[in-house]
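Here the structure is laid out as structure tokens; the discussion comes afterwards.
Please read all numbers here as calculations on a predicted model, not as lab measurements. Worth knowing before you read on, the calculation uses all heavy atoms, side chains too, and leaves out hydrogens, waters and symmetry mates.
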Amino acid sequence: MRIPDGKAHCLAIIALFFSAAALGDDVSDDGVAEALALASKFELAAIIQSPPTTSSQDKRDRFAQMNEALSNGAYAEAEIIAKQIVENVDPGAGNALTARALALHNLAIVQHHSANLESARQNYAAAVNLIAREDNNLSPVLIQPLRGLAIAHLGQGRPGEAFAALDRAQHVSNVNIGPHSFQQLPLLQAKLQIHIDSDDREAALDALDRIVGLYTRKFSKRSVELLPAMDQKVELYRRYDMAAAERIALRHILDIKRDNFAATDLGLVEPNIQLATNYARTMRTQELRSVVSSKAERHFKTALWIAENSPDSDWQVRKDCLLALADYYTLFGAQTLAHRYYAR
């Protein structure tokens, strides 16, 4: 099993857990800022637990300062404040253990964003233990620190421990919100990404099926809300060279967009190009008759027609569609047709 190393991969998984966007495979080692660029300041701030329930305005202000520093990328400042919040938890208060657990979790998140994995792991684990002891082993408050603990384990090359934390978080989630709740999505997305990075094809496909199942239980078959799941299908099937399955998913995407978009909407260009490319990859003949009457050609031409007739189109979109069609003809030896479109 191949487990990616380093700060960049860990940061990618953090963003995958705590925001709606999933990062791609290639995240540069240039530092924290690049990996976190895909998450907005709002999303970064939102990963912090709710402010402490206290009448102390000073403590609430300190919490707000920590949150602001984190969202601004001032990780050293955020960590100093987070540590002060942990130290200032009143041990005599009735909810002291819970308050300390939440403070430790917040500290772990800050440390995680600054790629201090070992400290983050220790504080996630401490938060989990305190919550389980103060509340119970099935408290929904456990889900977030368990997610963080899983990321930290993965970043340190411990996939077994990462999956144990994820499985525990998923069990707690199942008990509290049900196995088919859409709130399960971040956990399943994380498992999918880990399976992909571990080159575990069957497990990745199984995780994808569960993700798609969440979407299809919540949204209708032709709903635009299904598009993120369909896009994931296309990406994974293409990765595993599953051309027929990829084609079915692309057709579904095209059907959804046709039902919801105008005929000349530029959103229809990409699925037509992708579907044409899929068909071209699987064509087994180079006979001209087949090339000019194929489904691949039809979808390339449909994309070009949209690019030429959409009021939102520009020269770049038109150029890309012309080149895609010309390249298709070149690939199959129809040079006269290819030159016609290259010339345009």
Measuring from atom CD1 of I248 to atom CG of L275, what distance do you get when rounded to the nearest 0.5 angstrom? 11.0 Å
What about Y75 and H112, are their ring centers closer than 6.0 Å? no
Donor-acceptor pair, distance only, cut-off 3.5 Å: does the side chain of D312 make one with the backbone of D265? no
Side chain proximity check, H299 to Q274, heavy atoms < 4.5 angstrom: no
Between L138 and H171, does a side-chain contact (heavy atoms from CB on, under 4.5 Å) hold up when you go through it step by step? CA-CA 8 Å; L138 295 174; H171 176 65; 3.7 Å; yes
Within the 4.5 Å heavy-atom criterion, are E161 and L154 side-chain neighbours or not? no
Would the distance check show the side chain of H252 and the main-chain N or O of K221 forming a donor-acceptor pair, the cut-off being under 3.5 Å? yes
L187 and S173, any side-chain heavy atoms less than 4.5 Å apart: yes
Do we see a donor-acceptor contact under 3.5 Å between the side chains of S119 and N116? yes
Step by step, would you call L205 with R201 a side-chain contact (heavy atoms from CB on, under 4.5 Å)? CA-CA 6 Å; L205 291 170; R201 171 184 166 131; 4.0 Å; yes
L208 and L227: same hydrophobic cluster, using ILVMFWY side-chain contacts below 4.5 Å? yes
Considering the options I81, L104, N123, which one meets the side chain to side chain contact (heavy atoms under 4.5 Å, CB included) requirement together with V86? L104
Test your reading of the model: is there a side-chain donor-acceptor pair from D314 to the backbone of V317, 3.5 Å cut-off? yes
Please check if the side chain of S313 supplies one atom and the backbone of A307 the other of a donor-acceptor pair under 3.5 Å. yes
With the side chain counted from C-beta on, respond yes when I177 and P140 share a heavy-atom pair under 4.5 Å apart, and no when they do not. no
Does the S294 side chain pair with the main chain of E297, one donor and one acceptor, at a distance under 3.5 Å? yes
Using a 6.0 Å cut-off, check whether atom CD of E225 has over 12 heavy atoms from anything other than its own residue. yes
Side chains of K233 and I253: does their closest heavy-atom pair fall under 4.5 Å? no
SB check K83 E79 (cutoff 4.0 Å): yes
Can you tell if the side chain of M230 reaches within under 4.5 Å of the side chain of L250, non-hydrogen atoms only? no
Answer yes or no: is there an ion pair linking R281 with E246, defined by an N-O contact shorter than 4.0 Å? yes
The test is side-chain hydrogen bond (donor to acceptor under 3.5 Å, both in side chains); show your working for D61 and Q65 and say whether it passes. CA-CA 6 Å; D61 288 345; Q65 291 167 6; 5.8 Å; no
Heavy-atom closest contact (A326 atom, Y341 atom, distance): CB-CB, 3.9 Å
Taking C-beta and beyond as the side chain, do R298 and K295 meet within less than 4.5 Å on heavy atoms? yes
Does the side chain of Y328 come under 3.5 Å of the side chain of T277 through a donor N or O and an acceptor N or O? no
Using the rule given for salt bridge (Lys or Arg N to Asp or Glu O under 4.0 Å), can you reason through R344 versus E308, listing the C-alpha separation, both sets of side-chain angles and the distance that settles it, and then say yes or no? CA-CA 12 Å; R344 289 174 57 183; E308 292 179 332; 2.3 Å; yes
With distance as the sole criterion, is a donor-acceptor pair present between the side chains of N174 and Q184 under 3.5 Å? yes
Taking the side chain from N176 and the backbone from V172, do they hold a donor-acceptor pair closer than 3.5 Å? yes
Does the N278 side chain pair with the main chain of A296, one donor and one acceptor, at a distance under 3.5 Å? no
Test salt bridge (Lys or Arg N to Asp or Glu O under 4.0 Å) on E235 and R238 and set out the steps. CA-CA 5 Å; E235 181 181 350; R238 186 175 299 152; over 6 Å; no
How long is the gap from OG on S198 to CZ on F163, to the nearest 0.5 Å? 6.0 Å
Please check if the side chain of S71 supplies one atom and the backbone of E68 the other of a donor-acceptor pair under 3.5 Å. yes
Which value, rounded to the nearest 0.5 Å, describes the distance between S223 atom OG and L226 atom CG? 5.5 Å
Honestly curious: do L188 and V212 fall in one hydrophobic cluster under the side-chain, below-4.5 Å linking rule? yes
Taking N260 for its side chain and I256 for its backbone only, find out whether a donor-acceptor pair lies under 3.5 Å. yes
Measure centre to centre between the rings of Y329 and H339, then say whether the value is under 6.0 Å. no
Any Q111 side-chain heavy atom under 4.5 Å of L117 side chain: no
Return the set of residues passing ring pair (Phe, Tyr, Trp, His ring centres under 6.0 Å) with F182 (not counting sequence neighbours), or none when no residue passes. Y215, F219
Taking every heavy atom of L304 against every heavy atom of R318, the minimum-distance pair comes out as CD1-O, 4.2 Å
Walk me through it: do R100 and E134 pass the test side-chain contact (heavy atoms from CB on, under 4.5 Å)? CA-CA 11 Å; R100 183 173 178 81; E134 175 68 6; over 6 Å; no
Is it the case that the side chain of D135 and the backbone of I131 share a donor-acceptor pair, with hydrogens and angles ignored and the cut-off at 3.5 Å? no
Within a reach of under 6.0 Å around CZ of R62, are more than 12 heavy atoms found that belong to other residues, nucleotides or ligands? yes
Side-chain donor-acceptor contact under 3.5 Å, Q193 with Q189: no
If Ile, Leu, Val, Met, Phe, Trp and Tyr residues are connected whenever their side-chain heavy atoms lie under 4.5 Å apart, and connections chain through other members, are I196 and M242 in the same group? yes
Heavy-atom count around Q156 CD within 6.0 Å, excluding the residue itself: above 12? yes
Would you say L337 ends up clustered with Y342 if hydrophobic residues are merged whenever their side chains have heavy atoms under 4.5 Å apart, either directly or through other cluster members? no
Under 4.5 Å between side-chain heavy atoms, counting indirect links through other Ile/Leu/Val/Met/Phe/Trp/Tyr residues: same cluster for L323 and I306 or not? no
